[in-house]
Amino acid sequence: MDQEQLDIIRENPIGSGFNAFFESFTALCNNRDILYSGEALGQLNGGDFQNVTGSLLLALAPLQASRLLLLRGRTLSSHLSSLFVALDSDAFDFGRVRPLLQAVIAKEPDDKIWAHIYRLVTESTPPSRPIASSVRQTPLLRNTSSFANSSEHRKYVDSVLKEELGTMYVGLPRFHETFFGGVAGLRTASEAVFERCKEGNNPLFDGNGWARWLPQAKEKDVLNWFQNIVQQLSQVARDHNAGATPTRRPIAQPSKPLEGSTADRKLDVGFVNDPTAKKSSRYHWTHILVPGELKSNASTDGSRTWLDIGRYAREVLAAQDTRRFVLAFTLCGPLMRIWEFDRLGGVASEQFDINQEGLRFVTTVLGFLWMDEQQLGFDPTIVTSDGVQYIEIEKDGQCERLIFDGVIWRAPCIAGRATTCWKAHSDRDSRTPLAIKDSWQCPEREEGGALLKEATNKGVVNIARHYHHYTVRVSGTTDDVEGNVRKHLDITMAENYPDGGSVAMRATTVSISTMGSREGRSMASRKRPASQTGATLPPNKRPCSASPTKVDSNTFPNRVHRRVILRDYGEPIFCASSRKALLAALGDCIAGHKSLYGVGILHRDISINNLMINEDERSTSWRGFLIDLDLAIKERREVASGAKGKTGTRAFMAIGVLLGEHHSFMHDLESFFWVLFWMCIHYSGPGKDIGQTRFGDWNYRRERDLADLKKGTISDERDFIRRAEDFFTPYYQPLAPWVNRLRRTVFPDGRRWEKEDKTLYSRMQDILLKARADPNV
């Protein structure tokens, strides 16, 4: 090493940086009844040795010297992160790590330890990987909004949420500046508050860090400490500036489920707008402004904790219908990250030690207390005044106010289109209901609003008619994730970006989408700690389709916030007041699909929430109609638009679509059958969902498995009739023979269709018409 490197090592001592490693190694030796020494390494099995190596890399990566020392143009932290990524590789030579481990265990001088580190990374650092295909905009196969009548059991939801989130990029530079930089007076106030924290005989912060911080504290103690320190910092801020009177406080109720979830969901800690918040207070997910996850152990800053915070962010986004994104945080031991979740997934700040970077911690806490609603992620274009919620649009050259009457639907997901629908009316005409639909669309896709306007102008029937559409603008610019929400944060600078990144990577960075499949793959088939359960592999498919005509191979994903106003309003078809009304609406929807396809537009998303019914005789809306053209395509563009991507809600997807066939109108007609089949099983009357059934796992099955299940369901008439007798609710039993007739028509001889046949439209409609005439129906 040269003199400059030695100076960096001398000026940035390791100090207590290995404490967590020593504790982990000591515990392992005690568990294995091995004497603590360098010789103990020779008595460990392969899995234990791998775990020890991972634990050491965990300790090395965040050290200041690691961030400053360079090798071949990259920081040592970056090289160490590449080593961690390679730990599961069969080619990894653990023998090269032994000298470093022995030096650390023997507590050799810092310069000798760093010499071992240089030798290790020089010999072992794997070559850089090419840019992962994950950042290309290919179809998202599953997300958590696609569940139909699901109980949302955690083990099922988590597997889909991992896939939905893909790679969660962490360690992004400029993260704090991006999300906290706009908070008025935050920097000056934080510096003043931090200085006050260091004053007096019993300062809140001293050379050892924050007062009453217990390194070995249990999770409950960490929660109590966090609540107390936030209140103390808030009080110091008020003393500094009498005008700074935040109304927010943290709540910590880790054993009490919050209201508003489909399944019971608990939250470690969160900021709420309630200055009188108490442990006994009851809260709903609509109250949570900033969710947090606290762990007592620094080594837990990894995939499982990240999935936990992602699960909380999903609940917040689902419950708060005007939320564009969510800020969150994780605190694992003293190691903190700030997170942001939006319609592309989740990204996080660099990890920092709150006891070493006290000012940064103060800035973070005060930022969460002082941010305005727009900075917290709420949509500023939706205004609330005197209890009335509204938006303003410019239509035909005139300003018009649309007043919200209530939420119709909010997609419970993080990444994806995240559709939200509201019932509304114009301030000019309170008697005519409108529907407002927000969604985050792939920029290369044709706008659903434009397609809808074209269909309306061409006289398409039984499709929700166009009233207005536009791209939402926030702060004077187009509201998109990459530019307006994330302010052009560069994910290629993330610690876990596939080329190794340019910043130190905590060895815990993983692809969430691969977490479950990688656990337990250590050399001795032993599970590694939660923070070491995987590394960044080529991540899963992203939420937007890759159009070879518009998207360059290196294009990063993005989503644009678009709004469509419809002049037809209804309820989902499962709310039909009678079986005959349902059959009539279903026939109308099929007619709408045929009419839409007649002008060259293929819907491609026939699902239980996109088939609508309006039974108000005074209404000018269609009786039965289709909504949502976000996934629709013009037929002539089917190949160019990437239509082979699997689109729609999994339970209603046609068998051929599940198998990857190009999407045909025949597939949509098959989806109408699956919608009716599903309703007969899951509803006991108008809008009466019976909850989980044995068919609920269709929401989570892999494509080919589900295709096989569906083929088995329709292949034999006797078996199908028996299933209908066993699983159709009593309310829908009278439809069983007619659903079977539809099965015979859609699946001739119990098989999938082999060639397109437009007469299928009229044949299905004819069956529905005859069913309505059946006195038993």
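From Leu100, atom CG reaches atom CD of Glu108 across 9.5 Å, with rounding to the nearest 0.5 Å. Rounded to the nearest 0.5 Å, atoms CG (Leu335) and CD (Glu350) are 13.0 Å apart. Taking OG1 of Thr122 as the start and CD1 of Ile117 as the end, the distance is 11.0 Å to the nearest 0.5 Å. Taking CD of Glu340 as the start and NZ of Lys487 as the end, the distance is 9.0 Å to the nearest 0.5 Å. Here CG of Leu101 is found 8.0 Å from CZ of Phe25. Values are rounded to the nearest 0.5 Å. Annotation: the span from Asp321 atom CG to Thr286 atom OG1 amounts to 10.0 Å, rounded to 0.5 Å.
Between Ile338 and Met336 the shortest side-chain heavy-atom distance falls below 4.5 Å. Proximity of Phe341 to Met168: side-chain heavy atoms (C-beta onward) are separated by under 4.5 Å at one or more points. Side-chain contact check for Val481 versus Phe325: every heavy-atom pair is 4.5 Å or farther apart. Counting heavy atoms from C-beta on, the side chains of Leu344 and Trp440 never come closer than 4.5 Å. In this structure, Leu172 and Ser349 have side chains that are not in contact, with every pair of non-hydrogen atoms separated by 4.5 Å or more. Counting only heavy atoms from C-beta outward, the side chains of Asn484 and Thr478 never approach each other to under 4.5 Å. Within the 4.5 Å cutoff, the side chain of Ile251 has no heavy atoms near those of the Val269 side chain. With contacts defined as side-chain heavy-atom distances shorter than 4.5 Å, the pair Leu267/Trp285 qualifies.
Across Gly345 and Ala415, no two heavy atoms sit closer than the pair N-CB, 3.9 Å. Here the closest heavy-atom approach between residue Ser77 and residue Ala61 is recorded as OG-O, 2.7 Å. For the pair His116 and Ala103, the tightest heavy-atom approach, listed with the atom from each and the gap, is CD2-CB, 3.5 Å. The minimum heavy-atom distance linking Ile309 with Glu293 is given by the pair CD1-N, 3.8 Å. Pairing each heavy atom of Gln351 with each of Glu495, the nearest pair is N-OE2, 4.3 Å. In this structure, Ile414 and Gly310 approach most closely via the heavy-atom pair CD1-O, 3.2 Å.
In summary, the side chains of Ser475 and Gln374 do present a donor paired with an acceptor at a separation below 3.5 Å, with no hydrogens or angles considered. In this model, no donor atom of one side chain and acceptor atom of the other lie less than 3.5 Å apart for Asn273 and His287. Under the 3.5 Å distance criterion, with hydrogens and angles disregarded, no donor-acceptor pair is assigned to the side chains of Asn228 and Gln232. For the 3.5 Å distance criterion, the side chains of Asp274 and Tyr283 qualify, holding a donor opposite an acceptor. In this structure, a donor-acceptor pair under 3.5 Å is absent between the side chains of Thr75 and Arg67. A donor-acceptor contact closer than 3.5 angstrom is absent between the side chains of Thr330 and Trp306. A side-chain donor from one of Arg238 and Ser234 sits under 3.5 Å from a side-chain acceptor of the other. A donor atom on one side chain and an acceptor atom on the other are found under 3.5 Å apart for Thr364 and His176. Gln5 and Tyr118 form a side-chain donor-acceptor contact under 3.5 Å, judged by distance and modelled atom types alone.
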With side-chain contact (heavy atoms from CB on, under 4.5 Å) as the criterion, how do Leu186 and Leu366 come out once you've worked through the C-alpha distance, each side chain's angles and the decisive distance to 0.1 Å? CA-CA 7 Å; Leu186 178 62; Leu366 295 186; 3.7 Å; yes
Would you sort out whether His561 and Asp438 count as a side-chain contact (heavy atoms from CB on, under 4.5 Å), showing the intermediate values? CA-CA 7 Å; His561 188 185; Asp438 267 25; 2.7 Å; yes
Do Phe180 and Phe368 pass the ring-ring contact (aromatic ring centres under 6.0 Å, His included) test, and can you show the C-alpha distance, the side-chain angles, and the key distance before you say yes or no? CA-CA 9 Å; Phe180 292 81; Phe368 286 148; 5.5 Å; yes
Worked check of side-chain contact (heavy atoms from CB on, under 4.5 Å) between Leu258 and His284: CA-CA 5 Å; Leu258 270 69; His284 191 282; over 6 Å; no
Run the side-chain contact (heavy atoms from CB on, under 4.5 Å) test on Tyr312 and Ile288 for me, step by step, so that the C-alpha distance in whole Å, both residues' side-chain angles and the decisive distance to 0.1 Å come before the verdict. CA-CA 10 Å; Tyr312 302 154; Ile288 305 302; over 6 Å; no
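Residues Lys162 and Glu164 are not paired through a salt bridge, judged by the lack of any N-O separation under 4.0 Å between the basic side chain and the carboxylate. With salt bridges taken as basic N to acidic carboxylate O contacts below 4.0 Å, none links Asp221 and Lys218. Checked for salt-bridge contact, Asp342 and Arg486 meet the test: a charged N lies under 4.0 Å from a carboxylate O. A salt bridge does not link Lys295 with Asp301: every distance from a Lys NZ or Arg NE/NH1/NH2 to an Asp or Glu carboxylate oxygen is 4.0 Å or more. Salt bridge Glu191/Arg187: present, at least one basic N to carboxylate O contact under 4.0 Å.
More than 12 heavy atoms of other shown residues, nucleotides or ligands fall within 6.0 angstrom of atom CG in Asn30. In this structure, Glu4 places its CD atom where only 12 or fewer heavy-atom neighbours from other residues, nucleotides or ligands lie under 6.0 Å away. By the neighbour-count criterion of 12 heavy atoms within 6.0 Å, atom CG of Asp2 is densely surrounded, having more than that number from other residues, nucleotides or ligands. Other residues, nucleotides and ligands contribute more than 12 heavy atoms inside 6.0 Å of the NZ atom of Lys198.
Geometrically, Arg248 does not engage Phe271 in a cation-pi contact, judged by NZ or CZ lying under 6.0 Å from the ring centre and within 45° of the ring axis. For the pair Lys107 and Phe18, the NZ or CZ position fails the cation-pi test of under 6.0 Å to the six-membered ring centre and within 45 degrees of the ring normal.
The residue from Arg324, Arg473, Arg343 that alone fulfils the salt bridge (charged side-chain N to carboxylate O under 4.0 Å, His left out) condition with Asp479 is Arg324. With Phe361 as the partner, the ring pair (Phe, Tyr, Trp, His ring centres under 6.0 Å) test is satisfied by one option alone out of Phe205, Phe352, Trp213, Trp210: Trp210. Of the listed residues (Thr363, Val236, Leu233, Leu359), just one forms a side-chain contact (heavy atoms from CB on, under 4.5 Å) with Phe194, and that residue is Leu359.
Judged purely by atom type and a 3.5 angstrom limit, Thr300 uses its side chain to pair as donor or acceptor with the backbone of Asn297. Side-chain atoms of Asp268 do not come within 3.5 Å of backbone N or O of Ala252 as any donor-acceptor pair. Of the possible donor and acceptor atoms, one in the side chain of Thr26 sits under 3.5 Å from a partner among the backbone N and O of Phe22. For the pair Gln375 (side chain) and Asp372 (backbone), a donor-acceptor distance under 3.5 Å is present. Looking at Ser66, its side chain never comes within 3.5 Å of a backbone N or O of Leu76 through a donor-acceptor pair. Looking only at distances, no side-chain donor or acceptor of Asp110 sits under 3.5 Å from a matching main-chain atom of Pro13.
Relative ring orientation between Tyr497 and Tyr169 is described as tilted, the plane-to-plane angle lying within the 30° to 60° band.
Taking the centre of each ring, Phe226 and Phe329 come in below the 6.0 Å mark.
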